[in-house]
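Notes follow once the structure below has been shown.
Numbers restart at 1 for each chain; the letters A, B, ... are given by sequence-line order, proteins then strands.
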Amino acid sequence: MILKYILRSLRSRLWEALSLAATVFLCLVLLLAIHSTIAQRQAELDGVYQNTEIACVVTDATGSTRNGLSIPAEYLSLFREGGALYDHVKGLVCHATASFLLLGEERIPLHLLNTPDAVPLFAETPITYLDGYGDADLVGEDAVAIISENLMPYIAADGSLTLSLPPRGERSIVVRVIGAYSSDTSAIYLSLDAGRKLLEGSVNKVTPSALSFCVADNRKLNETKMALGEYFIAADPINQGSSRFGLWMDDASFVDTVMVLERSIALFVLFRTVLWVLALCVCFLVIFLLIRRRRTELAVMYSMGCSSVLLYGQVLCEVAICFAIGALVALFAAAAAKVSVGGEAVRVVGILLGGCLIGGVGSVTAVTSGDIMKILKGKE
Amino acid sequence: MEQMIDREKLLVADRVTFAYKTRHQTVWAVRDVSYEFEAGKVYAIVGKSGCGKTTLISTLAGLNLPSMGEVYYRGTSTYRMNRNHYRRDDIAVIYQNYNLFPLLTVLENVLYPMELQKKPKKDAVSIAKEKLLSVGLDGSYLGRLPAMLSGGEQQRVAIARALAGGQRIILADEPTGNLDSENGDLVMKTFQRLAHEEGYCVIIVTHDPQIADESDIVIRMESGRIVT
């Protein structure tokens, strides 16, 4: 009969039940919308962090020169595993000069690189790669080289080239030629790591002439800037006369975008908090007012020895049924409006339901904590 | 009024005192009331408005605990008993404005206390019908909602509900207050029959001198105390 009473109670107080359901519906729709908006903005922000490449180029102190620099060879160690900047950067692009090599009796200029992008020459003069080779083969410790076409006669039948170091040529290296380019002058472009290994301990030094990279983790941009600041200064014309190397960092647009998104998210989060407080207060108020209208009924049940479990249970069942109606309609409406109704929606519904049930418990307690006899006499 | 109190009697008030306390003041509604209520009698508690009658029966009914003193039911203090069970099994209250459940039919209203006591449905229905007949309501009333009944009929349903649970003590707070004299007489005769023929203890709070005259014992209260 208790269940029958609950259903009959809801049916006879249809407008009251619907008003609670409508309150729940409105609160849920607004909360789901704002949660969804925040999630979208957050995804957008994550995308910006993930997909933006912040390019950094080493220059002179004023930022006017990006090539032909004489960067100390030690700087390359910073970017190798274990180096101070290894974890902060990715996509290192390096062009270095390293004096000469002996090819037969000829002294050929030696350059080191890990990508053709590091060399302005290759922007105008394309590289013709031999079968199966490409830019990626320049990365790593394999001794590969790109040579000018006029050095092709020196290539052995197996595609290799033997090079030796001046002055006496006692140290030599056999490299695989992977490509050639057309030029009036002769030069050899050796892979960076193989070249450094060849020149280790030699009087010939590796001198990076162009260096660029990207920030490895955009979320740690400030840390990266601090780490880079130990070795470079921000490229700026006012640094005229400084002997330090400058660093030009293309982060302005990224920083602006992130700032706008973060501010927007912060605003929505604040609004969401306010909305939650309002939603819970409105639900509490509606539930309290509805239960207060039934205080005589509750007082009679209490005076007849109805247990607290039954008293609270009956009211909470009614609150839960009204909530369920409002929530279902809200979820359908949200789905129809293409508002995301995944796990976050379950959380929102759960919290609001919990709040309504607590409101129900609080309301019954408040209503029945008065003078029961006065309520029963209709004097309260 | 000093008297020896036998706490083993049916219902005993032992120096019951009740105060309504707010932040700014304390009102002593009942002061040092001691009385023994026995089965088989109709008691009328009379007095001016505000003398503490309703507060006294609210402590007797276990709706409130006394601020001082104790209420004993068959020797057990209301401080030390489960008052939900006490109200469910031992004592029934009838009100001036009936307080029937508006959404339940007459039969369902009378079944309600037995539902709380978890009595088998078949037995409960049989008892309910019997009690309704005992107050003069036949089978034609069973399916009606309270809104379709007169004041006197509603009060009789309330009496039947109070009897259905098998409680042997009935507290009635101005039960004839909203009734005409004919219905009032009917209610009073029912109380007398319950007390004298079936051994109930009936305690009535009333302003009505006629009710007082028809009771076995009249207890007069003034300023929270029993004066006679």
Open item on the list: Taking the side chain as everything from C-beta on, heavy atoms only, tell me whether D371(A) gets closer than 4.5 Å to N64(B).
Closed with: yes

Any chance you could measure [X], atom [atom1], to [Y], atom [atom2], to the nearest 0.5 Å?
| X | Y | atom1 | atom2 | result |
| --- | --- | --- | --- | --- |
| T54(B) | K374(A) | OG1 | NZ | 10.0 Å |
| L100(B) | E297(A) | CG | CD | 11.5 Å |
| F101(B) | R294(A) | CZ | CZ | 10.0 Å |

- [ ] Mind checking ring-ring contact (aromatic ring centres under 6.0 Å, His included) for Y86(B) and listing every partner two or more places apart, or none if nothing turns up?
- [x] Y73(B)

Residues 299-308 of chain A side chain polar contacts: donor-acceptor under 3.5 Å, at least two apart:
from    : atom 1 : to      : atom 2 : distance (Å)
S303(A) : OG     : V300(A) : O      : 2.8
S303(A) : OG     : Y95(B)  : OH     : 2.9
S307(A) : OG     : L310(A) : N      : 3.3

Does atom [atom1] of [X] have more than 12 heavy-atom neighbours, drawn from other residues, nucleotides or ligands, at distances under 6.0 Å?
| X | atom1 | answer |
| --- | --- | --- |
| R219(A) | CZ | yes |
| K129(B) | NZ | no |
| F271(A) | CZ | no |
| R83(B) | CZ | yes |

Task: Closest non-hydrogen atom pair between L376(A) and N97(B), with its separation - done: O-OD1, 3.0 Å

Task: Heavy-atom contact with chain A under 4.5 Å, split by part of N82(B) - done: neither

Task: Region of I91(B) that comes under 4.5 Å of a non-hydrogen atom in chain A - done: neither

Task: Any residue meeting side-chain contact (heavy atoms from CB on, under 4.5 Å) with V329(A), in chain and number order, not counting sequence neighbours - done: F25(A)

Task: Contact listing (chain A partner; residues 148-179 of chain B; heavy atom under 4.5 Å) - done: R161(B), D173(B), E174(B)

